[in-house]
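Everything below concerns the one structure shown next.
Because the structure is a prediction, the values reported are computed rather than measured.
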Amino acid sequence: MLRVRNGESGPWDAAESPTPPEVERLDCGVLKVPRLEGARIHPLNAGERTVGVVVSLGDHAFTLQAFRAPSGPVWGSARPKVIQEVLNQGGTAEEAESSLGAEIRAQAPVVKDGQQVLQPTRIVGCDGPGWLLRGVYGGPKALADVIDPRAYYLFTQTIVDLPSAPTDGAVEVTVLEVTMQGG
């Protein structure tokens, strides 16, 4: 089973060589996200800050966020905390394995049409040099046995360029400046 960051597959660090040049990517500041036919990319905001990107894929969405990890790999220690957070909000969550490695499969509470519902959600993560890339894939088929190839492609072909992020004291979350070019 193929795992991420194995030398043939990313996500990639901007300093790594070579990153696959044949993939066309949108420059979203810290994240260089592969262009995907039929997908719409827009910023994920937390208040006044842009903290990630959301890739709309029809009735599914894939959110990408980069986090600083100056003390080494953090995905292993973050998973239990994420599971507890989902449980505290009234959802269900458990650890699982897929072609993207260790992940969380959840029924996460979301608000749709003014009502709270549980949405099938797959949460993946990958540690890089000084960062963690987290992907949250939600929608009706998010928990299928086989990962949606679009989500797999987006996650494994994203480049994280953390040195370009301003450091304004918020060590955990990178600040992204999402600029859309060419649609």
Side-chain angles (χ1 to χ4, degrees), residues 1-16 18-46 50-69 74-75 78-79 82 96-106 108 110 119-162 164-165 173-183:
M1 185 176 281
L2 184 64
R3 297 283 189 231
V4 293
R5 291 194 54 78
N6 64 1
E8 294 177 24
S9 185
W12 307 96
D13 186 79
E16 290 178 317
T19 55
E22 68 279 1
V23 175
E24 184 181 350
R25 294 181 177 83
L26 294 172
D27 184 346
C28 299
V30 171
L31 298 177
K32 312 305 185 226
V33 180
R35 192 178 291 271
L36 189 62
E37 184 84 25
R40 291 178 306 134
I41 298 177
H42 49 92
L44 172 66
N45 295 314
T50 299
V51 295
V53 295
V54 179
V55 182
S56 298
L57 304 164
D59 57 354
H60 288 78
F62 194 61
T63 302
L64 293 165
Q65 287 182 275
F67 298 84
R68 289 189 189 282
V74 296
W75 182 230
R79 286 191 312 275
V82 172
E97 286 281 327
S98 73
S99 58
L100 290 176
E103 64 181 29
I104 299 166
R105 295 185 190 171
V110 297
Q119 174 176 275
T121 305
R122 181 185 300 256
I123 305 167
V124 297
C126 183
D127 290 297
W131 51 260
L132 167 72
L133 180 65
R134 182 178 69 188
V136 179
Y137 181 64
K141 298 180 183 173
L143 300 178
D145 288 340
V146 176
I147 292 178
D148 182 327
R150 301 170 303 173
Y152 184 89
Y153 177 76
L154 285 166
F155 195 71
T156 61
Q157 294 305 315
T158 291
I159 295 173
V160 178
D161 188 5
L162 202 54
S164 73
V173 181
T174 62
V175 177
L176 304 178
E177 181 180 333
V178 180
T179 55
M180 296 303 139
Q181 301 171 353

Open item on the list: Any non-hydrogen side-chain atom of S56 less than 4.5 Å from a side-chain atom of H42?
Closed with: yes

- [ ] Without swapping roles, check the side chain of R105 against the backbone of E97 for a donor-acceptor pair under 3.5 Å.
- [x] yes

Open item on the list: Looking at every heavy atom in both P34 and L154, which two are closest together, and how far apart are they?
Closed with: O-CD2, 3.7 Å

Open item on the list: Nearest 0.5 Å, please: how far is CZ in R150 from CZ in F62?
Closed with: 11.0 Å

TODO: For the residue pair L162 and R68, establish whether any side-chain heavy-atom pair is separated by less than 4.5 Å.
DONE: yes

- [ ] Walk me through it: do N45 and V51 pass the test side-chain contact (heavy atoms from CB on, under 4.5 Å)?
- [x] CA-CA 6 Å; N45 295 314; V51 295; over 6 Å; no

Open item on the list: For the NZ atom of K141 and the CD1 atom of I147, what is their distance to the nearest 0.5 Å?
Closed with: 16.0 Å

Task: Nearest heavy-atom neighbours spanning C28 and I41 - done: SG-CG2, 4.4 Å

- [ ] Could you tell me whether the side chain of L36 reaches within less than 4.5 Å of the side chain of Y153, counting heavy atoms only?
- [x] yes

Open item on the list: Does any part of the side chain of L31, heavy atoms only, come nearer than 4.5 Å to the side chain of L26, both counted from C-beta?
Closed with: no

- [ ] Spell out, as yes or no, whether a donor-acceptor pair under 3.5 Å connects the side chain of E16 to the backbone of D13.
- [x] yes

TODO: Output all residues satisfying side-chain hydrogen bond (donor to acceptor under 3.5 Å, both in side chains) with W75, sequence neighbours left out; order by chain, then residue number.
DONE: none

- [ ] Please round to the nearest 0.5 Å and tell me the distance separating atom CZ of F155 and atom CZ of R122.
- [x] 12.0 Å

Task: Charged N-O contact under 4.0 Å between D161 and K32 - done: yes

- [ ] Determine whether L133 and Q65 make a side-chain contact, defined as any pair of heavy atoms from C-beta on separated by less than 4.5 Å.
- [x] no

Task: Nearest non-hydrogen partners of A39 and L57, listed with the distance - done: CB-CD2, 3.7 Å

Open item on the list: If you define the side chain from C-beta out and look only at heavy atoms, does anything of L100 sit under 4.5 Å from C126?
Closed with: no

Open item on the list: Ignoring hydrogens, what is the shortest heavy-atom contact between A108 and T121? Give both atom names and the distance.
Closed with: CB-OG1, 3.6 Å

Open item on the list: With a 3.5 Å distance limit and no angle check, can you tell me whether R25 reaches the backbone of Q157 through a side-chain donor-acceptor pair?
Closed with: yes

Open item on the list: Ignoring hydrogens, what is the shortest heavy-atom contact between L64 and G135? Give both atom names and the distance.
Closed with: CD2-CA, 4.2 Å

Task: Check: V53 and L44 side chains under 4.5 Å, non-hydrogen atoms - done: no

Open item on the list: Angle between ring planes, Y137 versus H60, binned at 30° and 60°: parallel, tilted or perpendicular?
Closed with: parallel

TODO: Could you check if a side-chain atom of I104 sits within less than 4.5 angstrom of a side-chain atom of R79, using non-hydrogen atoms only?
DONE: yes

